[in-house]
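One structure below.
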2 protein chains.
Amino acid sequence: MDVATLCLAVLAHGPASGYEIKKELEDGAYSHFFRASFGSIYPALARLAQEGFVTGREQEQAKRPDKKVYRLTPAGKRELSRRLQAPIGPDYIRSEFLLVLFHAELLPARHRRALIEERIRQLQACIAEMTGGGEAACNRYEGSGPAFVHGYGLAIYKAELDYLDSQRRFFDLPGANAA
Amino acid sequence: MDVATLCLAVLAHGPASGYEIKKELEDGAYSHFFRASFGSIYPALARLAQEGFVTGREQEQAKRPDKKVYRLTPAGKRELSRRLQAPIGPDYIRSEFLLVLFHAELLPARHRRALIEERIRQLQACIAEMTGGGEAACNRYEGSGPAFVHGYGLAIYKAELDYLDSQRRFFDLPGANAA
DNA sequence: CATATCATGTAAGTGGTTACATGATTGT
DNA sequence: ACAATCATGTAACCACTTACATGATATG
């Protein structure tokens, strides 16, 4: 599943410009399980428009640069549905955090401690943002799918935090013979 | 952190050939948080040897192709330590599973159910393999680092399974108007 | 008899990212 | 004044994957 499919997916929730799609992928619900940069989003949208899966309408704005608002065509919606039903690949995970801690014995104890404390802070912030009602990004989405995925992510983050909390003793293991 | 660093990391646990490193990344403990293919491992090892971070010794084998066993040099160990202490990037996650389920409403109910049941099966298998004592791959590693990471992964997988179990009602939501 | 495992390596292709180019507007 | 936000797009680059080339041995 490439960036084009991702764009179709985001657009299924309503029309948006390339810039808005990027923001969604950066701060919104999608950020927890996908990623893409401008350099891949803009060409993907242009291609999708050419293929007839989206239409892009130039929209002037007062005191802002013009933006090109894309929306799904009926063909685009069918295409998205088709792509979502294709066999899925396995989750791709690449965690430098876990790679480094796998070799905790090669690190100075304080460095190990700093890594874990930073991780705890990040997880707490993330959980707070996802739990706290209000203007949180994910609130924009309605329906069982987004709610299910939201709960899924939250369950994982909570489990990570709980685990780190239960492993506080790991912080204070004898220091390493560092470089 | 690139494949070269990953190779240094694997070699820190003992000498290995390119083929063995790949196996480790595919079935071993590393498989849960990193990935690499032959096409990137072999050139990385050649480069590391050229830089003096590893030495490769050709080893003949009876009834098997020769293999080139690499081992970390003292400089290589220092280099690994140095690289592990560099600032780490955020976890990179790309889950087609979550992307598809985020759009559950666009899918036929049976497809949604099949995805989740498959996921449950995978998680159960994974947890069983990690929990069950015996010849499991991760048992090769000793020390607090590997144990910590093992526990971390297990905590996540268990949380995912628990969540899916708690959401069984999600399976039977009204079907979608599929393509 | 076919397929899987063991074993190394290269070349072509790909799906992205980073950096660049451009520029008004708003907040600090 | 300086940085951030809004906004689009291109070009150069990069790390990695897939497929190819080669071939013996073991397994079902």
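Here is the naming used below: chain letters follow the sequence lines, and residue numbers restart at 1 for every chain.
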Rounded distance in Å - [atom1] ([X]) to [atom2] ([N]):
{"X": "K67(A)", "N": "dC6(D)", "atom1": "NZ", "atom2": "P", "value": "10 Å"}
{"X": "K23(B)", "N": "dA7(C)", "atom1": "NZ", "atom2": "P", "value": "7 Å"}
{"X": "E20(B)", "N": "dT5(C)", "atom1": "CD", "atom2": "C1'", "value": "13 Å"}
{"X": "L6(B)", "N": "dA15(D)", "atom1": "CG", "atom2": "C1'", "value": "13 Å"}
{"X": "K22(A)", "N": "dT18(C)", "atom1": "NZ", "atom2": "P", "value": "9 Å"}
{"X": "D2(B)", "N": "dC13(D)", "atom1": "CG", "atom2": "P", "value": "19 Å"}
{"X": "Y70(A)", "N": "dA7(D)", "atom1": "OH", "atom2": "P", "value": "14 Å"}
{"X": "R94(B)", "N": "dT17(D)", "atom1": "CZ", "atom2": "P", "value": "12 Å"}

In the structure I gave you, are the side-chain heavy atoms of F97(B) and Y152(A) within less than 4.5 Å of one another anywhere? yes
With a 4.5 Å limit on heavy-atom distance, are the side chains of I120(A) and R168(A) in contact? yes
Does any residue of residues 32-58 of chain B have a heavy atom under 4.0 Å from DNA chain D, and if so, which ones, in number order? A36(B), S37(B), G39(B), S40(B)
Side-chain heavy atoms nearer than 4.5 Å, only ILVMFWY residues, links allowed to pass through others: does that put L6(B) and Y141(B) together? yes
5'-most contact on DNA chain C: V3(A) or G18(B), nearest heavy atom basis? G18(B)
Is K68(A) close enough to dG9(D) that one of its side-chain N or O atoms is under 4.0 Å from OP1 or OP2 there? yes
Side-chain N or O of Y19(B) closer than 4.0 Å to phosphate OP1/OP2 of dC6(C): yes
Do R71(A) and T55(A) have a side chain donor and acceptor closer than 3.5 Å? no
Given 3.5 Å as the limit, does a donor-acceptor pair link the side chain of E96(A) with the main chain of M1(B), or not? yes
Check: S81(B) side chain, K77(B) main-chain N or O, donor-acceptor pair, under 3.5 Å: no
The helix from dC1(C)-dG28(D) to dT28(C)-dA1(D): angle between terminal helix axes, five bp per end, to the nearest 10 degrees, reads 50°
Heavy-atom pair of closest approach, residues A159(B) and A155(A): CB-O, 3.8 Å
Please work out which of the three classes, parallel, tilted or perpendicular, describes the rings of F148(A) and Y163(B), given edges at 30° and 60°. tilted
In a table with atom names and distances, give each donor-acceptor pair under 3.5 Å that connects a side chain of residues 29-42 of chain B to protein atoms at least two apart or in another chain.
from	atom 1	to	atom 2	distance (Å)
Y30(B)	OH	H103(A)	NE2	2.8
Y30(B)	OH	A9(B)	O	3.4
Y30(B)	OH	H13(B)	NE2	3.2
S31(B)	OG	G28(B)	O	2.7
H32(B)	ND1	Y157(B)	OH	2.9
R35(B)	NH2	D91(A)	O	3.1
S40(B)	OG	S37(B)	N	3.4
S40(B)	OG	S37(B)	O	3.0

